[in-house]
Amino acid sequence: MTIILLIYVLLAVLAVPLGLYMGRALDSRHTSRFDRFFAPLESGLMRLAGIDAQASMSWSSYALALIKLNLLLILLAWLVFMAQGVLPLNPDRIAGMNWSTALHTAVSFVTNTDQQHYSGQAQLSYLSQTLAIVTLQFLSPATGLAVLLAIARTLLRRGDGTTAGNSSGQHGVGNYYVDLVRIVIRVLLPLSLVVALLLVWQGVPASWQGAQSVTMLDGGTTQIIPRGPVAPMVAIKQLGTNGGGWYGPNSSVPLENPDLLSNVIETLAIMLIPVASLVAVGVISGRRRLMIGIGAVMVALSLISTTLVMVSERGPNSALQGVAIAGSHNMEGKELRFGSDLSALWGSWTTQTSNGSVNAMHDSFNPLGGMTLLMDMFVNVAFGGVGVGLIGYLLYLMLAAFMGSLMIGRAPELFGKPLETREIRWISLAILAQPLLILGLSAITVSFPSLTGNSNPGFHGLSQVLYEYTSAFANNGSGFEGLADASTWWNLTCVVALLIGRFLPMLVPLAVAGWLAGKRTAPAGRGSLALDSGPFLALSVGTIVIVNLLGFMPALVLGPIAEQLTAG
C-alpha cells in the first residue's frame with residue numbers, strides 16, 4: 001500500500017509543474033517566453049500547410065476542421081493497414097489486414113481508443129506501427145486537448161464572458177490547427193522523448209531490425225523474438241492515454257515493460273497529462289478554485305476505485321479453491337514481477353482514463369475488481385483521457401447546473417449564461433447516448449451466440465460483451481478478452497461505438513460553449529449558483545453516480561454482481 005500512495009504523491013509532484021508549463025505554453029491569446037523556441041517551427045508548419053494562424057474559428061468551423069482531419073486520417077490509416085504487405089519497412093513480411101479489421105483499427109486509433117482486434121507484433125509491419133499507429137497516437141490526444149483549450153478560453157475564461165465574433169456572427173473559440181500543432185510540439189513530443197529514453201535505459205527495444213531467432217537455454221529449441229522501435233511507441237501510448245501496445249499482451253510483456261522501475265514510469269505516464277490539464281485550464285481560464293474542486297472530486301473517485309480493485313485482487317480466486325495457497329492474492333493473469341497491488345493500480349488508472357493499456361489480464365480479475373473497472377469506464381471522468389476527461393466532467397457539470405438552478409427556483413444558468421432548451425437537449429443526448437448504445441449493442445450481440453463468440457456463456461460471458469462495448473464507447477481500448485472479436489460483426493459494431501463515444505461527448509460541450517458565448521452574462525446575485533462551491537461539486541458527484549447507476553445497474557446485476565454472489 002505504501003508504494004501506491006508514493007506513486008500518487010509522485011504524480012502530483014510531476015503534474016503540477018507540468019500543468020503550469022502547459023497553461024503558459026498553450027495559451028494562444030498571450031505570448032510567453034516559450035514562443036521564441038517553438039514559434040519559428042510552428043509558423044513554418046502553418047505556412048507549409050497554407051493555414052492562417054491568426055484566424056479565429058467559430059465553434060462550428062472548429063468542429064468541422066476537426067472532423068475533416070479525422071476522417072482523412074481514418075482513410076489514410078485504413079489504406080496503409082490493408083496495403084502493408086506490399087509497402088516498405090516490413091522485414092517480417094506481414095500480410096495486409098482484411099478490410100473490417102483494418103477499418104476498426106484505423107477508427108480505434110483516430111478516436112484515442114486503441115482497441116486492438118489483432119496482435120500487434122504479428123499483424124502490423126513497422127510502417128503501419130510507426131507511420132499510422134504512432135502518428136495517430138500523437139494526433140488523437142492532441143485533438144482532445146485542443147477541444148478542451150477551445151472550451152477553456154470560451155466558456156470557462158473569466159472576464160466579460162464574450163469573445164470576438166467572426167463574419168458569420170458566431171464567436172471565435174480559437175484555431176484548431178494552431179492548437180493541434182502547439183500541443184504536439186510543445187507537450188507531447190518533448191515528454192515522449194524523455195519517457196522513451198527512460199524506457200530504453202530500462203531495456204525496452206528501440207530497433208528497426210526484424211525479429212531475432214535465439215536458441216533457448218535447453219539448447220534444443222529456437223524462439224523468434226519480435227523487435228522494433230518499441231520504446232517510442234510505448235512512451236506516447238501511455239502519455240497520450242492511447243493504450244495500444246506494440247505486443248499483443250501489451251505492457252505485461254517483459255520487452256514492453258521489463259521491471260519495477262519501468263512499470264512505475266509507465267503507470268505515472270498514464271495519469272500525468274490528464275492531471276496536469278486541470279492545472280493548465282486553471283491557468284488559462286483563471287478559474288483555479290473550480291479546477292481545484294474538480295480535481296479533489298477526481299482524486300476521491302480515483303482513490304475509491306483503486307482501493308476497491310486492490311481489495312478485490314488481494315482476495316483469493318474462487319476458481320482456484322483447493323489449489324492455491326490459503327490467504328494468497330489473486331495472481332491469475334498477473335506478472336509476478338509486479339504483484340497484485342501494482343496490477344490493481346494499473347488496472348484502476350488505465351480505466352479511469354481512456355488509456356486501456358494493461359500489465360495484467362483484466363479478464364482474470366475477481367468479479368468485484370472487474371465491476372470496478374467497468375464503473376470507471378461508465379463514469380470516465382476520473383481523470384479521463386487527455387482533454388476529454390475534463391470535457392466529460394463539464395457535461396455533468398452542465399446537467400448539475402440545470403438541476404441545481406431548478407432546485408433553488410431560478411432559471412437554469414451556467415456561469416451567468418442561460419441554459420435553454422437547445423443546450424439541455426444536446427447535453428442530455430450526449431449523456432444518454434452511452435447507456436443506450438452500450439446496452440443496445442450488448443443485448444443484440446448476446447442474443448446471437450454465433451455473433452458473440454465468447455469463451456464463457458455464464459455471467460462472466462455477459463461481462464465480457466458489456467466490457468467490450470463499454471471500452472469502445474469510453475475510448476478506453478482494454479478488454480476482458482475471451483471474445484472472437486476479429487469478426488466483421490465485432491469490428492463494425494465497435495466502430496459505431498468508437499465514433500459516437502468519441503465525437504458526441506467531445507463536440508457537444510464545444511457547441512454549448514459556442515452558443516453560450518453569444519449570450520448576455522447576468523450579474524451574479526445572492527441566488528446565483530456558485531459552481532466552485534462544495535455543495536455544488538457534491539451535486540455534480542451525485543449527478544454522475546445517479547446517472548450511471550440508473551443506466552447500468554441492471555446489467556451489472558446480471559454480470560459481475562451475479563458472478564460475485566455465485567463464486568465459490
Side-chain angles (χ1 to χ4, degrees), residues 66-67 69-82 84 96-125 128-144 233-234 236-238 240-251 350-351 353-358 362 377 380 385-388 434 437-438 441 465 467-481 483-506:
L66 183 156
I67 291 170
L69 178 61
N70 280 265
L71 287 176
L72 177 62
L73 291 171
I74 288 172
L75 177 60
L76 293 176
W78 188 17
L79 293 175
V80 168
F81 295 143
M82 289 190 293
Q84 66 180 1
M97 284 184 169
N98 74 69
W99 72 271
S100 67
T101 303
L103 177 62
H104 173 268
T105 304
V107 173
S108 180
F109 280 83
V110 166
T111 57
N112 197 225
T113 311
D114 296 20
Q115 190 177 51
Q116 295 171 286
H117 288 175
Y118 65 92
S119 186
Q121 79 279 7
Q123 291 176 264
L124 285 183
S125 68
S128 294
Q129 293 272 36
T130 52
L131 178 64
I133 296 295
V134 174
T135 298
L136 297 179
Q137 286 182 322
F138 276 96
L139 294 179
S140 60
T143 292
M233 181 187 186
V234 174
I236 188 57
K237 94 167 186 187
Q238 298 299 90
T241 59
N242 291 290
W246 187 279
Y247 300 99
N250 211 273
S251 284
T350 200
T351 50
T353 65
S354 62
N355 183 270
S357 65
V358 298
H362 292 180
M377 292 187 290
N380 206 26
V386 171
V388 295
Q434 183 187 35
L437 190 66
I438 292 172
L441 288 175
V465 174
Y467 195 106
E468 187 74 6
Y469 285 125
T470 301
S471 177
F473 191 95
N475 298 145
N476 185 269
S478 63
F480 264 4
E481 304 310 330
L483 297 170
D485 55 16
S487 67
T488 301
W489 170 260
W490 276 111
N491 285 333
L492 296 185
T493 53
C494 282
V495 162
V496 174
L498 290 165
L499 291 172
I500 296 177
R502 173 64 166 178
F503 294 109
L504 189 65
M506 182 168 61

Exercise. Sequence neighbours excluded, which residues qualify as ring-ring contact (aromatic ring centres under 6.0 Å, His included) partners of Tyr469?
Worked result: Trp490
Exercise. Does His104 reach the side chain of Leu492, with side-chain heavy atoms less than 4.5 Å apart?
Worked result: no
Exercise. When you measure from the side chain of Asn475 to the backbone N and O of Thr113, does any donor-acceptor pair fall under 3.5 Å?
Worked result: no
Exercise. Listed by chain and number, what are the side-chain contact (heavy atoms from CB on, under 4.5 Å) partners of Pro141, not counting sequence neighbours?
Worked result: Asn112, Leu188, Asn242, Val386
For this session: Only counting residues at least two apart or in another chain, list the ones meeting side chain to side chain donor-acceptor pair (under 3.5 Å) with Thr350.
Result: Asn355
For this session: Decide whether Gln123 and His117 meet the rule of one side-chain donor and one side-chain acceptor closer than 3.5 Å.
Result: no
For this session: Quick one: closest heavy-atom pair of Gly385 and Ser354, and the distance?
Result: CA-OG, 3.2 Å
For this session: Answer whether the closest heavy-atom distance between the side chains of Thr130 and Met233 falls below 4.5 Å.
Result: no
Problem set entry | Sequence-distant partners of Ser100, side chain to side chain donor-acceptor pair (under 3.5 Å), two or more places apart | Asn98, Asn491
Problem set entry | Considering all heavy atoms, the nearest Gly477-Ser471 contact | N-OG, 2.7 Å
Exercise. Atom OG1 in Thr135, atom CD1 in Ile236: separation rounded to 0.5 Å?
Worked result: 10.5 Å
Exercise. So do the side chains of Val134 and Gln129 get within less than 4.5 Å of each other, counting heavy atoms only?
Worked result: no
Problem set entry | Listed partners of Ser119 passing side chain to side chain donor-acceptor pair (under 3.5 Å), at least two apart | Gln121
Exercise. At their closest point, which heavy atom of Ser128 faces which heavy atom of Val80, and how far apart are they?
Worked result: OG-CG1, 3.8 Å
Exercise. Any luck finding a side-chain donor-acceptor pair between Ser108 and Gln115 under 3.5 Å?
Worked result: no
Exercise. Who passes side-chain contact (heavy atoms from CB on, under 4.5 Å) against Ala486, sequence neighbours left out?
Worked result: none
Problem set entry | Nearest-0.5 Å distance, CG of residue Leu79 to CD1 of residue Ile74 | 12.0 Å
Exercise. Does Asn250 have any side-chain contact (heavy atoms from CB on, under 4.5 Å) partners at least two apart in sequence or in another chain, and if so, which?
Worked result: Gln116, Lys237, Glu256, Ser357, Val358
Problem set entry | Nearest heavy atoms of Leu441 and Thr493, plus distance in Å | CD1-O, 3.8 Å
Exercise. Sequence neighbours excluded, which residues qualify as ring-ring contact (aromatic ring centres under 6.0 Å, His included) partners of Phe473?
Worked result: none
Seminar exercise, completed: Here the pair of heavy atoms bringing Phe480 nearest to His362 is CE1-O, 3.4 Å
Seminar exercise, completed: Rounded to the nearest 0.5 angstrom, the CG-CD distance for Leu124 and Gln84 is 5.5 Å
Problem set entry | side chain to side chain donor-acceptor pair (under 3.5 Å) partners for Thr351, two or more places apart | Asp376
Exercise. In chain order, what residues pass the ring-ring contact (aromatic ring centres under 6.0 Å, His included) check against Phe109, with sequence neighbours excluded?
Worked result: none
Problem set entry | OG1 on Thr470 to CG on Asn476, rounded to 0.5 Å | 9.5 Å
Problem set entry | Pair Phe81-Ile133, side chain to side chain contact (heavy atoms under 4.5 Å, CB included): steps then yes or no | CA-CA 10 Å; Phe81 295 143; Ile133 296 295; 3.6 Å; yes
Exercise. Who are the side-chain contact (heavy atoms from CB on, under 4.5 Å) partners of Leu72, not counting sequence neighbours?
Worked result: Leu76
Tell me which donor-acceptor pairs under 3.5 Å the side chains of residues 494-504 have, and how far apart each pair is, sequence neighbours excluded?
from	atom 1	to	atom 2	distance (Å)
Arg502	NH2	Ser140	O	2.7

Exercise. Trp78 side chain to Trp99 main-chain N or O, any donor-acceptor pair under 3.5 Å?
Worked result: yes
Exercise. What are the two closest heavy atoms between Ala102 and Met82, and how far apart are they?
Worked result: CB-CG, 3.6 Å
